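Values in this document were obtained by computation on a predicted structure and should not be read as measured data. Numbers here simply count residues along the sequence, with the first being 1. Both counts, for ligands and for their atoms, begin at 1 and track the order of listing.
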Amino acid sequence: MSEPIINIKRLIPFQVLDSRGRPTVALTLELQDGSTHTARVPSGASTGKHEAIELRDQNNSNSNKYYFGKSVNSAIANIKSFESKLVNKDLTLSQIDNLILENDGANESANAFAKFGANSALAISLCATLACAHVNGTSVARLFSPKNDLVIPMPMVNILSGGAHANRCMDIQDVLVIPNGAKDFPEALSWISAIRETAAQLGKDAGNLTNLVADEGGIAISFKSIAQACEFVVKAIEKVGLVPSEQVSLALDVAATQFFKSDSGANGTYSLENEGRTFNSLQFIDYLGNLVSNLPIISIEDPFAEDDWDAWQIFTAKFEKKLQIVGDDLFTTNSNRLNKGLTENSANSILIKVNQNGLISKTKSVLEIAKNHGFATIVSARSGETEDSWLADLAVGWQAEQIKVGSTHGSERNSKWNRLLQLCATEKVVFANPFK
Ligand code: PGA
Ligand code: ZN
């Protein structure tokens with residue numbers, strides 16, 4: 001199928017606030033037909049060092065002073081100065097993305113867009129995607145998935161938050177649930193909502209709740225060990241009347257880069273401060289292996305640091321048959337890093353984040369490479385999100401089969417879940433279950 005063609009009249013970039021109250025880039029793109037298309041760019045906190053670069057002003061100008069160096073006026077200026085290269089031309093999304101790449105000289109490398117800003121690039125690419133759906137007369141989901149029933153992805157949902165998202169009350173970043181026994185998405189979401197509510201109540205009853213709403217809408221509770229945190233979520237699942245493993249399983253986002261300290265040589269240590277233990281890579285492989293053997297964990301994200309490739313390889317060789325092993329900081333939605341991982345068998349799944357890459361068509365290509373090599377694909381939001389719901393459409397349109405947007409709390413999270421519910425109500429859908 002040929003790509004839709006759009007003709008842009010003007011770009012109106014501006015600064016808005018994300019779910020953490022920090023500035024981010026928004027863009028309204030106007031087409032020659034007078035229609036307007038607006039998107040806002042998400043932002044991470046536990047960002048991988050190989051991600052495309054997000055531009056922040058960092059100066060002490062008046063407009064930045066109260067945003068503590070985080071304003072995005074330079075990214076906005078970059079979009080405005082690029083406008084003349086895009087207006088009054090018939091262009092496809094791929095052509096627009098290639099023009100953005102050429103302009104930056106970024107060439108899809110890790111740490112791309114150091115000059116132009118991945119946030120500037122993504123704002124244009126996202127709005128162009130929305131505009132393409134408009135000229136196509138479809139939703140973004142249907143733009144990418146024009147035929148057949150839509151595939152609604154399996155949600156992977158945050159219940160407990162730690163790490164950079166919750167003042168390190170837990171060493172790892174997330175304990176999540178996957179409703180692998182649900183018959184459809186609405187049922188899956190109802191289970192998760194009940195588990196989150198129940199976990200919050202259990203935390204209040206036990207008196208160790210530190211924060212009812214962490215950055216991604218999860219609950220923050222201090223736990224001495226990862227095992228204790230997992231057992232707590234298992235208890236919440238059971239209290240709701242659901243069966244762990246059979247109906248709802250656990251997933252971890254270890255975000256290990258955050259507590260890995262590299263020494264001067266090739267090695268380093270993983271330091272779990274709440275647990276009071278440190279490990280070298282081989283010891284940490286055993287530690288995690290023990291956890292996944294004793295608890296109903298079916299997925300583990302970033303179990304090792306972003307450049308500890310050897311540990312990833314050894315762990316994958318041992319556990320790939322029984323466990324989804326997800327590279328987030330490891331791959332940073334970058335085709336070169338993914339290709340290295342495929343060659344070395346470093347994981348069996350990839351987290352897909354559009355702002356790690358910077359461009360919609362290139363992100364889609366990374367997802368397709370992963371799928372073609374049998375990797376599971378999980379489209380993911382960021383900890384700093386917005387009210388936009390295009391992520392749900394991308395996950396469905398790209399048939400990602402899994403989606404991760406944080407918890408079932410906060411409108412920046414629920415806008416994505418609610419968009420999936422809308423698609424379930426208005427379209428013919430099937431529910432993806434990669435864990436059957
Ligand atoms: P981030 O975290 O958006 O803060 O990077 C999300 C994740 O690690 O999956
Ligand atoms: Zn992650």
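- At the top of the distance list for atom 5 (O) of ligand 1, counting protein heavy atoms only, stands R382 NH2, 2.7 Å.
- Annotation for ligand 1: atoms under 4.0 Å from non-hydrogen atoms of E216 are 6 (C).
- Among all non-hydrogen protein atoms, the one lying nearest atom 8 (O) of ligand 1 is Q173 NE2, 2.8 Å.
- Note on D253: counted as a metal contact of the Zn ion (ligand 2), an N/O/S atom lying under 2.8 Å.
- For K80, the NZ atom counts as densely surrounded, since its 6.0 Å shell holds more than 12 non-hydrogen atoms of other residues, nucleotides or ligands.
- Looking at D328, its N, O or S atom nearest to the Zn ion (ligand 2) turns out to be OD2.
- At distances below 3.5 Å, at least one donor-acceptor pair connects side-chain atoms of S125 with backbone N or O atoms of I360.
- Ligand 1 has at least one atom lying under 4.0 Å from a heavy atom of S46.
- Side-chain contact of T333 with N357: a donor-acceptor pair under 3.5 Å is absent, judged by distance alone.
- For the residue pair T278 / S271, no side-chain donor-acceptor distance below 3.5 Å is found, with atom types taken as modelled.
- Counting non-hydrogen atoms of neighbouring residues, nucleotides and ligands closer than 6.0 angstrom, the NZ atom of K321 reaches no more than 12 such neighbours.
- On a distance-only criterion, D328 and ligand 1 share at least one N/O pair closer than 3.5 Å.
- Residue contact check for ligand 1: L351 places a non-hydrogen atom closer than 4.0 Å to it.
- Taking the six-membered ring wherever Trp is involved, the centroid distance between the rings of F82 and F116 falls below 6.0 Å.
- Between the side chains of T332 and N334, not a single donor N or O lies within less than 3.5 Å of an accepting N or O.
- Of all the listed residues (S383, S380, A164, S43), S383 holds the heavy atom that lies closest to atom 1 (P) of ligand 1.
- Considering only non-hydrogen atoms, atom 2 (O) of ligand 1 lies nearest to H165 out of K404, H165, E301.
- Within a 6.0 Å sphere centred on CD of E197, heavy atoms belonging to other residues, nucleotides or ligands number 12 at most.
- Taking a cut-off of under 4.0 Å to the non-hydrogen atoms of G44, the atoms of ligand 1 that pass are 1 (P), 3 (O), 4 (O), 5 (O).
- Looking at Q15 and S71, their side chains never bring a donor and an acceptor atom within 3.5 Å of each other.
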Test side chain to side chain contact (heavy atoms under 4.5 Å, CB included) on L101 and F113 and set out the steps.
-> CA-CA 8 Å; L101 265 185; F113 300 118; 3.9 Å; yes
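- One of the N, O or S atoms belonging to E301 lies under 2.8 Å away from the Zn ion (ligand 2).
- Ligand-side atoms of ligand 1 in range of D253: 7 (C), 8 (O), 9 (O), range being under 4.0 angstrom from any heavy atom.
- The nearest N, O or S atom of D329 is not closer to the Zn ion (ligand 2) than 2.8 Å.
- Remark: minimum distance from atom 6 (C) of ligand 1 to any protein heavy atom is reached at K353 NZ, 3.4 Å.
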